[in-house]
Amino acid sequence: MSGHSPATRALAIRTGSWLALEARPETRRLAGFAFGVIALACSLAPLDALAARHARSQKPSHPPFVRHLPYPQLELPFQINGGQYAPVAWSAIAGWSEDDHLAAYNAFRVSCRPISAQRTPPADPKALGASLRDPCLVARGLELSDEVKAKAFFEEHFLPLRISRLGEGEGFVTGYYEPIVDGSRTENEVYKVPVYRRPSNLFVRGTTQNSAGLPNKGQVFRKIGRRKLVPYYDRAEIEDGAIEGRGLEICFLKEQTDLLFSQIQGSARVSLDDGSTVRINYDAHNGYPYTAVGRILIERNIIPKDQMSMQKIREWMEENPNEADELRRQNKSYVFFREVQLSDKDEAVGAQGVPLTPGRSIAVDKSLHVYGTPFFIEGELPIESVLSKTPFRRLMIAQDTGSAIVGPARADLYFGAGLEAGKVAGRMRHNARFVILVPKSLDPVARGRKLPVPDDRPSEKIAKLFPQTDPKNAAKPSEVTSATNTRPTAQTSAPPSPAAVPSPAPTVQAAVAKPIPLPEPRPKVEAVSVKPHQRHLRRYRYRR
């Protein structure tokens with residue numbers, strides 16, 4: 001029998017796959033329709049994903065979680081580096097009521113001129129900042145002639161704080177003055193020591209040659225060419241003529257000692273041989289730290305410490321001129337001056353730029369304090385004589401500074417000009433008590449009331465259960481007895497005598513807190529080298 005079997009359709013079995021049945025026409029139409037739906041869904045999927053991303057971007061974003069501190073951010077009381085202070089009552093300040101407050105008020109008004117003239121005061125990082133502006137604005141329009149009203153002014157606008165170096169109870173004071181020396185405009189056989197003005201090649205970072213007075217601290221260089229900077233000449237090199245012949249001479253003095261003391265004081269009045277007077281003030285220095293020649297004389301046992309004064313130094317230098325040259329050059333610092341237009345009756349000008357007041361002006365540490373700040377200084381100073389202890393209780397105004405004045409309770413008292421003022425200032429090296437007057441806008445007590453108090457300390461019972469001991473210094477359990485919490489005594493070969501054995505007494509079991517064990521260190525696991533996973537590419541064969 002040939003041909004197809006009548007029981008089987010001609011297209012029932014395809015060649016190559018005897019398991020696949022023939023697809024009927026209805027099945028073909030349904031399969032085509034399903035394939036079209038799937039193709040349409042696949043084509044619309046990217047559009048749906050893009051729309052979903054756009055919808056997520058349009059959702060309102062929730063604000064980030066902010067952890068609120070348990071205490072608000074409050075303004076802390078002002079801080080003075082390396083210092084400590086405590087509020088004090090006006091009545092507790094010895095000598096406050098007996099002082100001449102009108103003289104202090106007049107000196108304060110002098111300092112207020114540049115302070116109140118500033119329309120937009122610059123931000124000052126120091127503790128007082130620009131707070132003196134408020135009382136200065138009041139004092140500018142308040143001319144007082146009564147001591148009682150002047151005293152009331154300070155008590156109304158300031159708060160007293162006893163201040164000292166951290167860990168100390170007292171401060172330290174010295175004295176300075178304005179020397180009056182002889183000189184000449186021209187060099188001759190008598191006047192041969194030059195007084196130099198600031199050289200043009202002296203360079204201080206952050207300043208220009210147009211600055212009226214360069215800072216007495218910081219790096220100073222000698223500029224060579226446009227870019228090369230080297231240390232400036234020291235005292236020995238300048239005295240040997242390193243900068244002579246450049247037209248820097250203001251005048252000439254008799255002795256190097258006169259120049260040295262003028263440089264230490266920062267100003268001088270030069271009485272010229274023609275009858276006129278030249279006033280010179282500090283303008284710059286050569287960058288080397290100041291070395292006190294008096295301290296060297298004390299270390300060499302030449303002058304006892306209790307007898308040290310400027311007058312003693314001058315007398316020794318005059319008696320030993322050769323040794324004086326070597327001693328003077330131990331101080332490598334050298335000061336340059338500028339000529340100021342002041343009359344013989346005018347006082348020297350301090351670093352604030354205002355005339356100083358004898359007995360009321362002081363030099364302070366400029367890095368800690370603000371010019372114009374009132375300080376009440378109390379102590380027993382040798383004013384009347386070398387061995388006297390004259391009570392000194394006076395309100396002073398900070399108007400000057402110096403390289404040797406360092407610390408929160410450190411001051412240099414200005415005593416005026418001339419020989420007598422120099423004698424008093426030369427023997428000042430004594431302790432004193434300081435009270436700083438702070439404007440009421442910086443009341444540290446009022447700020448302190450707003451600050452949160454620390455958490456309560458744990459109870460005694462909790463402290464015994466969790467002793468705060470260093471695990472390194474903690475006693476080993478084997479060395480501590482559980483009954484008495486004491487170390488056992490060393491045993492001796494001989495038994496103790498009956499008299500040495502204490503009578504039996506009931507022992508009390510004391511709770512001994514064992515030190516909390518520290519967590520064991522993390523085990524050190526060596527790194528195991530793992531070969532990177534190799535990707536196997538599977539190849540597909542498509543049949544056509």
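Because the structure is a prediction, the values reported are computed rather than measured.
Using modelled atom types, one side-chain atom of N320 and one backbone atom of W316 make a donor-acceptor pair closer than 3.5 Å. Proximity of a side-chain donor or acceptor of S116 to a complementary backbone N or O of C112 within less than 3.5 Å is detected. Remark: side-chain polar atoms of T401 are paired, donor with acceptor, to backbone N or O of V364 under 3.5 angstrom. Looking only at distances, no side-chain donor or acceptor of R197 sits under 3.5 Å from a matching main-chain atom of I250. Judged by distance alone, the side chain of E237 and the main-chain N or O of D234 form a donor-acceptor pair under 3.5 Å. Put simply, the side chain of E378 never gets that close to the backbone of F392: no donor and acceptor are under 3.5 Å apart. Although no hydrogens or angles enter the test, the distance criterion places no donor-acceptor pair under 3.5 Å between the side chain of R433 and the main chain of G171. Counting only distance, with no hydrogens or angles, the side chain of N188 and the backbone of V190 share a donor-acceptor pair below 3.5 Å. N431 places no side-chain N or O within donor-acceptor distance of the main-chain N or O of F172, the cut-off being under 3.5 Å. Checking side-chain atoms of N281 against main-chain N and O of V349 turns up a donor-acceptor pair under 3.5 Å.
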>> With side chain to side chain donor-acceptor pair (under 3.5 Å) as the criterion, how do S271 and D182 come out once you've worked through the C-alpha distance, each side chain's angles and the decisive distance to 0.1 Å?
In response: CA-CA 5 Å; S271 299; D182 296 331; 4.6 Å; no
> Yes or no on salt bridge (charged side-chain N to carboxylate O under 4.0 Å, His left out) for D99 and R360, after CA distance, side-chain angles and deciding distance?
Replying inline: CA-CA 11 Å; D99 189 23; R360 294 291 172 178; 3.1 Å; yes
>> One pair to check against ring pair (Phe, Tyr, Trp, His ring centres under 6.0 Å): F337 and Y282. What are the steps and the verdict?
In response: CA-CA 5 Å; F337 293 94; Y282 169 91; 7.7 Å; no
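Cation-pi geometry between R393 and F376 is not met at under 6.0 angstrom from the ring centre and within 45 degrees of the axis.
Side chain to side chain, T390 and E380 fail the donor-acceptor criterion of an N or O pair below 3.5 Å. Using a 3.5 Å distance cut-off with no hydrogens or angles, the side chains of S111 and Q352 do pair a donor with an acceptor. R427 and Q307 share no side-chain donor-acceptor pair at under 3.5 Å. Side-chain N/O atoms of R162 and Y85 include no donor and acceptor closer than 3.5 Å. A donor and an acceptor atom, one from each side chain of T291 and Q330, are nowhere located under 3.5 Å apart. The closest side-chain donor-acceptor pair between T174 and D412 falls under 3.5 angstrom. Side-chain atoms of E155 and W96 include a donor-acceptor pair closer than 3.5 Å. There is no side-chain donor-acceptor pair under 3.5 Å between S333 and N331.
Two rings, from Y177 and Y414, have their centers 6.0 Å or more apart.
Atom CG of L419 is surrounded by more than 12 heavy atoms from other residues, nucleotides or ligands within 6.0 Å. Atom CD of E339 sits in a crowded spot, with more than 12 heavy atoms from other residues, nucleotides or ligands closer than 6.0 Å.
Ion pairing of E178 with R269 is present here, as a side-chain N (NZ or NE/NH1/NH2) and a carboxylate O approach within less than 4.0 Å. Contact check on D283 versus R198 returns a salt bridge, with a Lys/Arg side-chain nitrogen under 4.0 Å from an Asp/Glu carboxylate oxygen. In summary, R300 and E326 engage in a salt bridge, as defined by a charged side-chain N under 4.0 Å from a carboxylate O. Between K440 and D443, no side-chain nitrogen of the basic residue sits less than 4.0 Å from a carboxylate oxygen of the acidic one, so the salt-bridge criterion is not met.
Under the 30°/60° scheme for interplanar angles, the aromatic rings of F108 and F154 are found to stand perpendicular.
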Under 3.5 Å, side-chain donor or acceptor atoms of residues 368-375 against the rest of the protein: list the pairs with distances, not counting sequence neighbours.
residue, atom, partner, partner atom, Å
H369, NE2, P408, O, 2.9
T373, OG1, V370, O, 2.7

Please tabulate, one pair per line, all N/O donor-acceptor pairs under 3.5 Å involving side-chain atoms of residues 128-142, not counting sequence neighbours.
residue, atom, partner, partner atom, Å
S131, OG, L128, O, 2.7
R133, NH1, I115, O, 3.3
R133, NH1, Q118, O, 2.2
R133, NH2, Q118, O, 2.8

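Applying the salt bridge (Lys or Arg N to Asp or Glu O under 4.0 Å) rule to pairs touching residues 304-319 yields D258-R314, sequence neighbours excluded.
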